[in-house]
Amino acid sequence: MLPPSADTPALDTGLVWKHSFAALGEDFFVPLQPTPLPAPYWVGRSSEVAEQLGIGASALQSDDWLQALSGNRSLAGSKSLASVYSGHQFGQWAGQLGDGRAILLGEANGLELQLKGAGLTPFSRMGDGRAVLRSSIREFLCSEAMHALHVPTTRALCVTGSDAPVRRETLETSAVVTRVAPSFIRFGHFEHFSHHGQPEQLKTLADYVIDRFYPDCRQDTRFNGNPYAALLLNVTQRTAEMVALWQSVGFCHGVMNTDNMSILGLTIDYGPFQFLDAYDPGHVCNHSDNQGRYAFYKQPNVAYWNLFCLGQALLPLIEEQGLAITALETFKAIYPEALAHRMAAKLGFARPDAQTNALIETLLPLMAADKVDMCIFWRRLSHWAKACDLKDPQVRDLFLNREAIGAWLLQYSEQSGQETPGPDANLMLKTNPKFVLRNHLGEMAIQSAKSKDYSVLNNLMMVLQTPFDEHPEFDSLADFPPDWASRIEISCSS
């Protein structure tokens, strides 16, 4: 398919574009135009992201923007490119990878815009450069849902669709999701230049990331003034805090390869993800993960392993292995502390202590043994905490072992009057969401969208953007998953 016609003028958006990543030089990317998407149409839009970018929600009603965000028309001032990176996939070195279907347009208002599914690039390998409607809707919804849950994440401006066919396991239709983030640089970008023996490019990339996103690393004195060790420390801290948030909301990433890890500690690359229904620490959401490498309970250890890969890549700059290890070892303190704070908040306490930690250590095995619905349990507990009425069955009814949970509730209710104030139900209701993007909800939105009915998607988007509100008219979206939900399979295919 031909690129956008030279006769079609670029869309003047009024945005002031910057191209700081492109300024690094062509060792880092290949300039290219998106492949046009035939007869595109709007599927989903985020007015919040549009306002953040400064284009206004009304832009996402126009045909001009529809064409531009489908790759059919250029944006005045933008310079599109695909970046190169490498990485470890499922624990094995995969060599050169890169943006195989994602094209960066540039940055506006401090945010980069990237079209995912915009066609072939030099890094597409055996792929076709396209994304399908199914995965694009899932990424769009989850990006915005995670942001509303206060989990660091890339954002999504919109999804555009097309009836153009794409072959995966079956014949599907094409789509483009416009992703937004301060940067899409991954651990794999650093691995690429380190493993390919390009120290100058590695230093250029590290200096760029430090100067743009971590300027305090230049003044950090903890590592004898070594800014690259300080960078590793900061990325370690952000990654640990991000994964602690994943674990607290029951989010399974599904494919934590090093090329899917953000240097800014953002959740990135929503592929075979899932929010837990039943609390099952061993749950593997990715149907392609035959060895269970990315099971839910393994995510913290995988993050730590990936950080070691990043540390190895940065070692030519850090130079002293001991400094790198010191930076990486902070994960072991930061992660459990961050998780303890988050879990204490889920129980209604402003900070963790020995009592809150003991409550969690007793509770989670009970939930796992009875496969208790994670989202519903925490939301019911939030309402129960207002009265702490031991006769109220709404929490006990979720468990088979009612005696054990009854004893736990008694212990929990007795926290009031200790040195730690009693549980704050209002804090709990702001911490434990009523709505998360369960697999079956995403599937319902996808199936309706295939018939060009976007009402389910729009309703779901609305509650996911305000997941702590009650929205009683949408109670069904917060109910237990139907039996057929357990048969949904998600994989790396997208």
Is the centre of the F193 ring less than 6.0 Å from the centre of the F28 ring?
->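 Yes: the rings meet the under 6.0 Å criterion.
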Would you please indicate if the ring centroids of Y294 and H283 are separated by under 6.0 Å?
->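 Aromatic pair excluded; centres sit 6.0 Å or further apart.
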Derivation and outcome, side chain to side chain contact (heavy atoms under 4.5 Å, CB included), residues H88 and W305 = CA-CA 10 Å; H88 285 83; W305 190 91; 3.8 Å; yes
Using 30° and 60° as the class limits, which term best fits the ring planes of [X] and [Y]: parallel, tilted or perpendicular?
X: Y335; Y: F331; result: parallel
X: W17; Y: H19; result: parallel
X: H189; Y: F21; result: perpendicular

Is K298 atom NZ crowded by more than 12 heavy atoms from other residues, nucleotides or ligands, each under 6.0 Å away?
->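 Atom NZ in K298 is packed in, count exceeds 12.
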Any salt bridge (charged side-chain N to carboxylate O under 4.0 Å, His left out) involving residues 181-208? Give me the pairs, sequence neighbours left out, ordered by first then second residue.
->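 Counting only pairs at least two positions apart or across chains, the salt bridge (charged side-chain N to carboxylate O under 4.0 Å, His left out) contacts touching residues 181-208 are R186-D269, K203-D207, D207-R218.
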Judged by modelled atom types alone, do T153 and T267 share a side-chain donor-acceptor pair under 3.5 Å?
->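 Side-chain D/A pair, T153 to T267: absent.
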Taking all non-hydrogen atoms of both residues into account, name the closest pair between L460 and L441 and its distance.
->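 In terms of heavy atoms, the two residues are closest at CD2-O, 3.5 Å.
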With F187 as reference, evaluate L307, N257, D259 under the side-chain contact (heavy atoms from CB on, under 4.5 Å) test and give the passing residue.
->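 Option passing the side-chain contact (heavy atoms from CB on, under 4.5 Å) with F187: L307.
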Pair E112 + R212, salt bridge at N-O below 4.0 Å |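 Salt bridge present between E112 and R212.
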